[in-house]
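Okay, structure first, notes after.
Numbers restart at 1 for each chain; the letters A, B, ... are given by sequence-line order, proteins then strands. All heavy atoms count here, side chains included; hydrogens, waters and symmetry mates do not.
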Amino acid sequence: MADTLDLQDIQGLIIRGYGNLKAACYILLEISTPPPAKIWLSALADTIATGQTGQGEKALNVAFTYAGIKKLGLEPKILAMFSNEFINGMAIPHRSLLLGDVEESSPEQWMWGGSGTRPIDMVLMLFAVDDRELSDVYNTYAKTFTANGLTEVLKLDTVDLGNKEHFGFHDGVSQPVMEGSPQTETPMNTIKAGEFLLGYPNEYGLYTDRPTIKPAMDPKSLLPRDSSGSGNADLGRNGSYLVFRQLRQDVRGFWQFSDEATKNPDGSSNPTARIKLASQMVGRWPSGAPLLKTPQQDDQQLADANDFAYYQSDPCGYNCPIGAHVRRANPRDSLDPQPGSEQSIAVGKRHRILRRGREYGPPVDPAELLTVKKPNAEDQDRGLHFLCLNANISRQFEFIQHTWINNPHFDELYDDADPIVGTHYPDGGTFTMQAKPVRKRVTGLPRFVSVVGGAYFFMPGIRAIRYLANPTRAGLAPALVMPEKETKR
Amino acid sequence: MTHQVGLTIITEIKAGEGEDIKQLLKAMSDNVVCNSVIPFGKFSNIHFARLFVLDESIDLNGRVIPPSLVFMSECDAPLNRHLNELVDIAGEGLDKIYSHCVDYINLSEITRKRRLAYLRSKMVNASAYYVNTVGRTVQQIRQESQLRNAIQDFLDHAQQDWSGNSSLEVRAKIQAYIRSERTLNWARKPPAQPGLFFKLKEALHLVGMPLLVLVLLPVLIPAFPIWLLLLRIHELSDAAPHLKPDDAHIQELTDLEDLVAQNQFGAVGYVKPGWFRQLTVWGILLAANYGTRHIFNKENLAGVKTIHFARWVVLNEKRRVIFASNYDGSLESYMDDFIDKVAWGLNAVFSNGVGFPRTNWLIFDGAKNEQAFKDHLRIHQIPTQVWYSAYDHLTALNIANNAKIRAGLYSKMSETKAEEWLRLL
């Protein structure tokens, strides 16, 4: 039986990216005094945008790190039911190795979420139609932090670059759609809700591990029931794990490298070849048009083309290189067993994520970067606040990052980590472009994208937030929240 | 002789000396290639090697199984040469290790011969042994990697742009270059093949086993329904609780993972009590051994192409089984491969082990219960204190591709065939 999505209990960001809300910021908070913070949270629960909230002027969503959830006072036995990745966090040594967070990307260097930085308990995500509205919303909330036992650690701003990212490419074209959600997509891109939401069947037809609670511990029935039929209350249902990574982009480095690698024999730049090489590394042209469909030049008409498979029409990578960023981040039908088959697509469906990232830092014009010297604009920190949602961090985000993106041996390659976001070491990576009569390749690829902060969060359902804020308070939240005595169990 | 053999040496550790051995292994692992105990880099015929401690354990009847040390290596035949090299290159190192184990020679009476005899006396045969590609030696793998690198460098530097050439022309230029390189002279000849005696033995096994089954059919046919009935009874009543691995255990394991392109996996578990499971696991391993020797002996274990070597070793009077393998990528991707591609095979073997997720008719469900299966593997996984790979930057697919490059280098080709060959680069 298909389980319908409880849209009113699912935080809005899981259902949509708020394309109409052009301004956004993420506030990283520390819970310094839990009791008032819980009361604050309980009131906040009423204002969180859900999957059912209409397209308004603003939206607010919230997620917690393991440290944060712990401070809200769950029992150790329940805490232990969260996933190992979430519990241990993004910055432990083995995970850094797995994710390629080494050298300049190592957590010791991070601005937040790393080993030497202030602890982060939660993130408040604010979205608004424009910057003025956003700043109003922000101020409203910021005023309440101190009095409610919260400390702002860092405010991360974002910038609206239209649909481009800083390197100058159309981003976010391909997104999976959750089965049961309002959007529709091709079958290849329609994924079981349980891949993104806890408490629903996933692509294996199973329920991903999550904290469930004996009904006696939820006397007021605040939580949804476990739909797998255990009879327990489901703290995970309608929640999702949020992966948050601040990725700094070396825009100048990227375009300089592409320029150097494509210079004419006389040493002059070749803009056409430069853009082509950069596009081959991405797998799409700046407009977004897939190289698979138009390998020779950009084509605005195809900017949002997404209904294609790789192996089926380009098994050898002559159109879109095997190692191109988009071909490895979502290989579609490329991989074993039997590339080009339904079976291959089915395996791919177990490794998808919902991306919800936004850019930060002032934009630069790549062409200008190469010709005009404007040191001020260049020195600015810019990049992507990479946000993605998934139900199983290790099988989804981490698998994509390790086995596809950062794997120099991806799909029979040898030394080709992702040309755009991959970790290249020790002496630079290789990027191979399959061609007739024989492959072309560029070597000595430096790192263009480095990690400067990050954490794993849990984005609970609205009812779960109410439970976390006050597990024994009854039913729906009252309009006015009165401070009340902490009840001890 | 170019086929591969797996050496397993299991020795009981003297009471109270487990920690000393672990310290020694830790020191070795800091420099596995040229440590002073067993400098693995000096062996020209070892593909992979490992040493790990099996801690003291209480069996299902409450009996104590003392701790033991396991040494495993995957090497090119003959085994004799490998054993001799071990005592010749690492004689004193072996003393250091095995003086912590029972039955080792008195240090004042050590001779080369006695060391050798000790190793032989502690050897255990694997019940099933998988080799990615039977007959591919360490030397061949290394040489073919060198060949590919040479061709790649040549393509990068000999010409700015190859697009004006036909496939046959490009190939001819590569051939001419390789011919001109003295160090690549060997590439003119095809790689050596496994010896005649080995081939004969394999052919006999290939035919002999089915013949034996045929002869036994009058017994097997009536026995089968009974076995199936017993299987169902066991499957439905065996406990299969979904347990979570301990956090500290996971950390100890992951500290040893994902350092190079390949990883090691080692796990140990008890066979479920009773003769039925013992008999079943014996039969399944017999079948698995047949499968790996004759069906899955070239670059592919039932759809999984990322395993270099794997083996099952039965120990402690058939009460326990060790599974050990060398594979590419992360454990997460390895387990996903298991679930997506060979769940049936894993179920058939591992469902005879205590705690495995419930199967149906031996091969269904079980590993398909994703998280229960992954947790089960992690719980039974053992830290491998010392692990060596002779070519840790190459995946099994890379090795297979390199072999194809070499195989096609001088054969006669049409333009289309040449185009296909160039795609390997």
Side-chain angles (χ1 to χ4, degrees), chain A residues 80-81 83-85 87-88 92-99 202-209 265 315-318 335-338 343-344 346-347 350-351 392-396 398-399 401-404 407-415 430 432 434-443, chain B residues 145 148-149 152 155-156 160-171 174 242 244-245 247 250-251 253-259 261 303-306 328-330 332-333 335-337 339-341 368-372 374-375 378 393-395 397-398 400-402 418-419 422-425:
Chain A
M81 289 190 250
S83 78
N84 178 283
E85 301 76 44
I87 292 173
N88 288 308
I92 62 167
H94 173 254
R95 187 139 295 123
S96 297
L97 210 56
L98 193 78
L99 299 177
N202 61 23
E203 283 287 334
Y204 281 112
L206 301 168
Y207 287 80
T208 303
D209 290 346
C316 306
Y318 291 148
L335 302 180
D336 264 339
Q338 292 160 29
Q343 235 186 323
S344 169
V347 168
R350 289 164 199 151
H351 309 287
N392 185 337
I393 298 174
S394 92
R395 174 161 59 77
Q396 295 171 269
E398 288 184 354
F399 178 97
Q401 181 72 13
H402 180 269
T403 304
W404 291 348
N407 182 2
H409 305 274
F410 173 78
D411 200 5
E412 302 197 38
L413 295 167
Y414 286 71
D415 193 23
T430 302
T432 308
Q434 291 73 30
K436 286 185 203 174
V438 72
R439 98 288 177 282
K440 295 178 192 145
R441 65 175 195 172
V442 286
T443 53
Chain B
S145 169
R148 177 197 177 258
N149 290 344
Q152 294 290 0
L155 288 172
D156 281 345
Q160 268 284 330
D161 186 5
W162 292 92
S163 55
N165 296 92
S166 72
S167 297
L168 281 170
E169 282 164 2
V170 178
R171 186 160 172 272
I174 293 172
H242 180 173
K244 292 269 177 194
D247 216 40
I250 295 253
Q251 206 189 320
L253 295 168
T254 52
D255 280 349
L256 304 164
E257 281 171 13
D258 304 315
L259 302 164
V304 180
K305 299 170 185 167
T306 52
D328 300 321
S330 71
E332 176 68 31
S333 67
M335 295 191 294
D336 286 345
D337 267 354
I339 298 169
D340 296 335
K341 295 164 191 166
K368 290 272 180 195
N369 188 351
E370 182 209 353
Q371 285 184 296
K374 287 176 178 173
D375 287 337
R378 275 296 194 197
H393 59 294
L394 294 172
T395 62
L397 283 170
N398 289 156
N401 192 62
N402 291 347
E419 191 186 310
L422 288 174
R423 264 185 229 148
L424 303 170
L425 297 167

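- Neither the backbone nor the side chain of B:Arg171 comes within contact range of chain A; no heavy atom of the residue lies under 4.5 Å from a heavy atom of that chain.
- For B:Gln251, no part lies near chain A; criterion is any non-hydrogen pair under 4.5 Å.
- Among residues two or more places apart in sequence or in another chain, the side-chain contact (heavy atoms from CB on, under 4.5 Å) test is passed with A:Asp209 by B:His242, B:Lys244, B:Gln371, B:Asp375.
- Proximity to chain B involves both the backbone and the side chain of A:Pro337, based on heavy atoms less than 4.5 angstrom apart.
- Taking OG1 from A:Thr208 and CD from A:Gln396, the interatomic distance works out to 7.0 Å, rounded to the nearest 0.5 Å.
- A salt bridge between B:Lys374 and B:Asp336 is present, with a side-chain N of the basic residue lying under 4.0 Å from a carboxylate O of the acidic one.
- A salt bridge links A:Arg395 with B:Glu370: the closest approach of a Lys/Arg side-chain nitrogen to an acidic carboxylate oxygen falls below 4.0 angstrom.
- For a residue to count as touching a neighbouring chain, one of its non-hydrogen atoms must lie under 4.5 Å from one of that chain's; by this rule B:Lys368 touches chain A with the backbone only.
- Both the backbone and the side chain of B:Gln152 come within less than 4.5 Å of a heavy atom in chain A.
- Using a 4.5 Å cut-off between heavy atoms, A:Tyr207 touches chain B through its backbone atoms (N, CA, C, O) alone.
- Just one of B:Val170, B:Asn401, B:Leu155 meets the side chain to side chain contact (heavy atoms under 4.5 Å, CB included) condition when paired with B:Leu425; it is B:Leu155.
- Looking at A:Gln434, neither its backbone nor its side chain comes within 4.5 Å of chain B, counting heavy atoms on both sides.
- If you measure heavy-atom distances from B:Ile339 to chain A, the contacts under 4.5 Å come from the side chain alone.
- Results of the side chain to side chain contact (heavy atoms under 4.5 Å, CB included) test with A:Leu98 over A:Glu85, A:His402, A:Gln401 single out A:His402 as the only residue that passes.
- Ranked by heavy-atom pairs shorter than 4.5 Å toward chain A, the options B:Asn398, B:Leu422, B:Thr254 are led by B:Asn398.
- Contacts of B:Asn149 with chain A are absent, with no heavy-atom separation under 4.5 Å from either backbone or side chain.
- Among A:Asp336, A:Asp415, A:Asn392, A:Thr403, the residue making the largest number of heavy-atom pairs under 4.5 Å with chain B is A:Asp336.
- B:Leu397 CG to A:Tyr414 OH: the interatomic distance, rounded to the nearest 0.5 Å, is 9.0 Å.
- In terms of heavy-atom pairs under 4.5 Å with chain B, the best-connected choice from A:Thr443, A:Asn202, A:Ile92, A:Val347 is A:Val347.
- Chosen from A:Asn88, A:Asn407, A:Ile87, A:Thr432, the residue pairing most often with chain B at heavy-atom distances under 4.5 Å is A:Asn88.
- B:Arg378 and B:Glu257 are joined by a salt bridge, as a carboxylate oxygen and a charged side-chain nitrogen come within less than 4.0 angstrom of each other.
- Atom OH of A:Tyr204 is separated from atom CZ of A:Arg350 by 4.5 Å, given to the nearest 0.5 angstrom.
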